[in-house]
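The structure appears below as structure tokens.
Chain naming here is simple, since letters A, B, ... match the order of the sequence lines and numbering starts at 1 in each.
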Amino acid sequence: METFFFMIVAAVAVLASILVITCKNPINSALSLILTFFCLATLYVTLDAPFMAAIQVLVYAGAIMVLIVFVIMLLNVRTESGRRSSHSVLFGSLIGLFTLFQLFYLFNRSSLTGQKGTIDSALINKVGHTELIGKALYTDFLLPFEVTSILLLVAIIGAVVLTKKKI
Amino acid sequence: MSPIALDIAIHLAKIALIFFVVLTLAAYLVFAERRILAWIQDRKGPNRVGPFGLLQPLADLIKLLTKEDFRPAGADKWLFYLAPAMAAIPAILTFAVIPFGAPLQLFGREVPLQVADLNVGLLFFLALSSIAVYGVALGGWASNSKYALLGSIRGLAQLISYELSMGLSLVPTVMLAGSLRLSDIVGAQEGIWFIVYQPLAFAIFLISIAAECKRIPFDIPEAEGELVAGFHTEYSGMRFGLFFVGEYINIIVLGGLATTFFLGGWHGPWLPPFAWFSVKTLAFAFFFIWMRGTLPRLRYDQLMHLGWKVLTPLALVNILVTGWILMLR
């Protein structure tokens with residue numbers, strides 16, 4: 001049952017991701033990307049990670065994509081026009097094949113999922129996913145967390161400085 | 001009946017009840033709004049169809065259903081048809097996490113009056129409310145009309161600005177309840193409602209949800225004086241009706257959420273829990289109608305100023321102060 005459900009969601013995710021790069025209309029591409037994010041959120045739920053699922057929809061589908069749609073609408077880009085050069089097709093497919101080869105090689109070595117952490121679904125159901133993530137972020141990973149927030153602050157200030165001619 | 005079948009039957013019954021009650025209530029809220037606005041403005045309002053005009057929503061429904069379903073030239077067909085549903089569905093989905101009564105004893109088991117008691121219930125609500133923007137945005141964009149597009153862009157900008165203060169104003173309630181689960185938040189308010197501890201957060205949340213459901217004084221996405229009807233200018237018949245009903249469903253759902261977060265949910269003396277929840281939610285609906293009859297529309301820059309420079313900093317300071325007090329206690 002769970003495998004069947006996973007297959008459906010994964011199929012929709014792959015289909016939507018293909019639509020993101022093949023749609024002519026940028027709005028349709030953006031919508032396909034939102035659909036992909038929803039599929040990812042569903043997969044997070046099946047992996048006992050409801051907090052990640054909620055944040056995935058809230059931040060990616062609800063905030064970042066809204067801004068992208070906003071910009072597309074503001075600039076009123078209707079359809080993409082522009083020819084593909086044969087060079088880009090060649091190099092693109094070469095890079096794609098190389099990445100595919102790398103992925104297969106890594107998965108076949110099967111040492112990727114060898115190590116298991118201390119947190120399993122029984123613990124998540126008992127303590128709560130949100131509580132576990134919060135505790136880990138504010139104790140074990142406090143420094144990386146704070147560094148990330150400072151980086152984001154720098155980016156915000158940078159954006160303001162770039163757009164305002166006189167401060 | 002086997003336990004699983006009974007479980008499914010109870011869930012389906014709850015979902016059917018919510019759909020029926022919320023949709024009927026939304027239709028009657030339109031009628032109530034017209035009557036209350038008429039009363040505020042010293043008019044009579046719709047009173048011809050049935051006793052006291054009570055069959056007016058039915059007449060409106062027949063009118064909307066029999067109208068021509070029109071699509072403007074150059075409109076994006078799929079998105080144009082999809083957008084009204086995208087506006088109405090997230091609103092009614094949010095109701096899944098609202099506890100609308102105390103748990104009942106049925107068939108020898110405890111049945112919570114809530115469809116899904118998610119442990120990330122509050123985030124579920126915030127996620128869905130951020131998704132609801134797409135109905136407004138895509139409806140206006142797909143119409144291929146200047147006014148509709150302007151309305152959509154305004155709607156997007158407004159909802160992004162007010163989502164932030166709405167989310168931040170809910171953080172103190174989570175800090176007090178110690179959980180994102182809505183039934184826990186209601187349970188923590190058994191003695192004293194959170195509005196007593198958090199009047200500022202309540203005020204910020206109330207202003208933000210008024211902006212969220214695009215009501216006067218925050219109705220600039222559909223400002224009829226400037227943009228004809230804003231994002232739904234080109235819609236007619238039942239598709240317009242879906243946008244319209246979606247807005248009223250949103251009022252009910254957001255009123256229910258304000259009740260859950262700040263007014264103690266279904267807690268209250270004498271009356272049964274379900275009645276308390278209904279009274280509080282309808283009080284919010286009345287408040288929104290009252291506001292429409294009283295306030296003028298904000299200008300665009302005033303709206304942005306209020307959202308970013310007043311409400312968001314206030315909400316942040318409120319979180320900081322609440323944190324200090326909780327730490328010292």
Is [X] in contact with chain A via its backbone, its side chain, both, or neither, using a 4.5 Å heavy-atom distance?
X        : result
B:Leu150 : neither
B:Leu128 : neither
B:Leu180 : side chain
B:Ala132 : neither
B:Ser152 : both

First locate atom CD1 of B:Ile131, then atom CZ of A:Phe38, and finally report the distance between them rounded to the nearest 0.5 Å. 4.0 Å

Take atom [atom1] in [X]; do more than 12 heavy atoms of anything else shown fall under 6.0 Å from it?
X        : atom1 : value
B:Tyr81  : OH    : yes
B:Tyr300 : OH    : yes
B:Phe240 : CZ    : yes
A:Leu152 : CG    : yes

So, does B:Tyr134 use its side chain to make a donor-acceptor pair with the main chain of A:Ala61 at under 3.5 Å? yes

With sequence neighbours excluded, residues passing side chain to side chain contact (heavy atoms under 4.5 Å, CB included) with A:Ala30: A:Met65, A:Val69, A:Ile72

Minimum heavy-atom separation for A:Asn25 and B:Trp141, please, with both atom names. ND2-CH2, 3.5 Å

Give the minimum heavy-atom separation between B:Ala127 and A:Ala54, together with the two atoms involved. CB-O, 4.1 Å

Working note: A:Val57 + B:Leu123, criterion side-chain contact (heavy atoms from CB on, under 4.5 Å); need CA distance, chi angles, decisive distance, verdict. CA-CA 9 Å; A:Val57 176; B:Leu123 292 175; over 6 Å; no

Is the shortest heavy-atom distance from the side chain of A:Val66 to the side chain of B:Ser130 under 4.5 Å? no

Expected contact set for residues 160-176 of chain B against chain A at heavy-atom separation under 4.5 Å reads B:Ile160, B:Glu163

